[in-house]
Amino acid sequence: MSNDAFRAAMSRLAAGVVLVTAQEPPLDPDDPGAPAGEDAGMTATAFLSVSLEPPLVLVSLREGARMDDLLAEQPLWGVSVLSESQRHIAGRFAMKGRISDRLLFEDIPYARGEISRAPLVRGALATLECRTEQRVAAGDHTLVIGRVLTAELPSADGRPLLYFRGRYRQLG
């Protein structure tokens, strides 16, 4: 089987779109006055619920990607389930060769997670704060399994942003 055939087959599976975020650890963890590290974010479509008891989720990260490296050292992270009106956020954080994450967050309304301190997008359909429980190498990706510490529904209205056949789509 070719990579192209596999990619084409998997593109037929509709997926929800999330923004995975984390804050880098402080530059000097032993100094409480040290400045916090930068925020980082990544669009993901390989995200799913794993378990209800305990509450676990899984996100698949390309091995060696910035978020993979960051979550290897920062166990706390956030997830914002994006609505169809937040397509621009998904596109912005999915760009290859993009500008710094600090600039990407500049005009996006977000709140800091109380536990993770990760940026959580305002108006998202749902937000989660997670703590990494396990990392599993899987081919050219790392599967990060996280325990859900908080789950909020900041926007009860709205429809999900989907990814299907290589493009963002709307439900219906």
Side-chain angles (χ1 to χ4, degrees), residues 1-22 39-99 101 104-105 108 110 116 118-121 123-149 151-155 158-172:
M1 176 190 60
S2 71
N3 286 349
D4 289 340
F6 180 64
R7 183 177 286 121
M10 295 313 298
S11 77
R12 296 333 193 250
L13 177 64
V17 182
V18 302
L19 182 67
V20 178
T21 56
D39 295 323
M42 181 199 90
T43 301
T45 56
F47 176 80
L48 58 105
S49 170
V50 172
S51 168
L52 185 58
E53 194 56 48
L56 299 174
V57 294
L58 177 147
V59 64
S60 179
L61 306 173
R62 188 175 37 81
E63 184 181 320
R66 179 167 188 224
M67 190 60 69
D68 182 33
D69 292 342
L70 176 54
L71 294 190
E73 66 174 298
Q74 168 58 281
L76 298 172
W77 42 284
V79 177
S80 299
V81 178
L82 299 180
S83 72
E84 64 185 17
S85 67
Q86 295 172 322
R87 176 187 292 212
H88 65 287
I89 296 171
R92 180 183 293 190
F93 284 90
M95 290 186 303
K96 296 200 184 326
R98 63 191 198 204
I99 59 175
D101 284 36
L104 294 177
F105 281 106
I108 294 175
Y110 66 85
S116 67
L120 301 172
V121 178
L125 297 178
T127 59
L128 307 170
E129 289 185 275
C130 305
R131 181 184 65 238
T132 299
E133 292 278 308
Q134 188 175 1
R135 293 173 55 85
V136 179
D140 60 359
H141 278 63
T142 303
L143 306 179
V144 179
I145 299 170
R147 180 180 294 255
V148 178
L149 304 173
E152 302 290 331
L153 303 175
S155 180
R159 298 177 350 162
L161 179 60
L162 299 177
Y163 194 73
F164 179 72
R165 294 183 72 180
R167 293 183 41 213
Y168 295 115
R169 309 282 181 148
Q170 296 177 346
L171 190 63

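No hydrogens, no waters, no symmetry mates; every other heavy atom, side chains included, goes into these values.
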Practice item. Test side chain to side chain contact (heavy atoms under 4.5 Å, CB included) on Phe93 and Val20 and set out the steps. Key: CA-CA 9 Å; Phe93 284 90; Val20 178; over 6 Å; no
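- Between the side chain of Arg147 and the backbone N or O of Arg131, no donor-acceptor pair lies under 3.5 Å.
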Review point. So Arg66 and Asp69, salt bridge (charged side-chain N to carboxylate O under 4.0 Å, His left out) or not? Walk me through it.
Key: CA-CA 5 Å; Arg66 179 167 188 224; Asp69 292 342; over 6 Å; no
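- Proximity of a side-chain donor or acceptor of Arg87 to a complementary backbone N or O of Tyr168 within less than 3.5 Å is detected.
- Annotation for Thr43 and Ala94: closest pair OG1-N, 3.5 Å, computed over non-hydrogen atoms.
- When all heavy atoms are compared, the tightest approach of Ala72 to Arg135 is N-NH1, 3.6 Å.
- Within 6.0 Å of atom CG in Leu52, 12 or fewer heavy atoms from other residues, nucleotides or ligands are found, so the atom counts as exposed in its surroundings.
- Counting heavy atoms from C-beta on, the side chains of Leu161 and Ser83 never come closer than 4.5 Å.
- Closest heavy-atom contact between Pro154 and Ala126: CD-CA, 3.9 Å.
- Summarising the local packing, CZ of Arg167 is surrounded by 12 or fewer heavy atoms from other residues, nucleotides or ligands at distances under 6.0 Å.
- Under the 3.5 Å distance criterion, the side-chain polar atoms of Ser80 are left unmatched by any main-chain donor or acceptor of Leu82.
- At least one side-chain heavy atom of Ile108 sits under 4.5 Å from a side-chain heavy atom of Ile89.
- A distance of 12.5 Å separates CZ of Arg12 from CZ of Arg7, quoted to the nearest 0.5 Å.
- Two residues are said to be in side-chain contact when any heavy atoms from C-beta on lie closer than 4.5 Å; Leu76 and Leu149 meet this criterion.
- You'll find the side chain of Val121 reaches within 4.5 Å of the side chain of Leu19, heavy atoms only.
- Closest approach of Ala118 to Ala22, counting heavy atoms only: CB-CA, 4.0 Å.
- In terms of modelled atom types and a separation under 3.5 Å, the side chain of Thr132 and the main chain of Gln134 share no donor-acceptor contact.
- Between the side chains of Trp77 and Thr21, no donor-acceptor pair is found at a separation under 3.5 Å.
- To the nearest 0.5 Å, atom SG of residue Cys130 and atom CD of residue Glu133 are 10.0 Å apart.
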Check your understanding: What do the steps show when you test Val50 against Val57 for side chain to side chain contact (heavy atoms under 4.5 Å, CB included), and what is the final call?
Key -> CA-CA 5 Å; Val50 172; Val57 294; 5.5 Å; no
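- Phe6 has its side chain within reach of Met1: a pair of non-hydrogen atoms, C-beta onward, lies under 4.5 Å apart.
- Judged purely by atom type and a 3.5 angstrom limit, Ser11 has no side-chain atom pairing as donor or acceptor with the backbone of Arg165.
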Exercise for review: Take Met95 and Leu104, measure what side chain to side chain contact (heavy atoms under 4.5 Å, CB included) needs, and give me the verdict at the end.
Suggested key: CA-CA 11 Å; Met95 290 186 303; Leu104 294 177; 4.1 Å; yes
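- Looking at heavy atoms from C-beta onward, Leu162 lies out of side-chain contact with Glu84 at the 4.5 angstrom threshold.
- The structure places CG of Leu71 at 9.5 Å from OG1 of Thr142, a figure rounded to the nearest 0.5 Å.
- Residues Arg169 and Phe164 come closest through the heavy atom pair NE-O, 3.1 Å.
- Here the OG-CG distance, from Ser60 to Asp140, works out to 8.0 Å after rounding to the nearest 0.5 Å.
- With a 4.5 Å cut-off on side-chain heavy atoms, Leu56 and Val148 do not count as touching.
- Of all the heavy atoms in Asp68 and Leu61, the pair that sits closest is CA-CD1, 3.8 Å.
- Counting heavy atoms from C-beta on, the side chains of Phe47 and Leu128 come closer than 4.5 Å.
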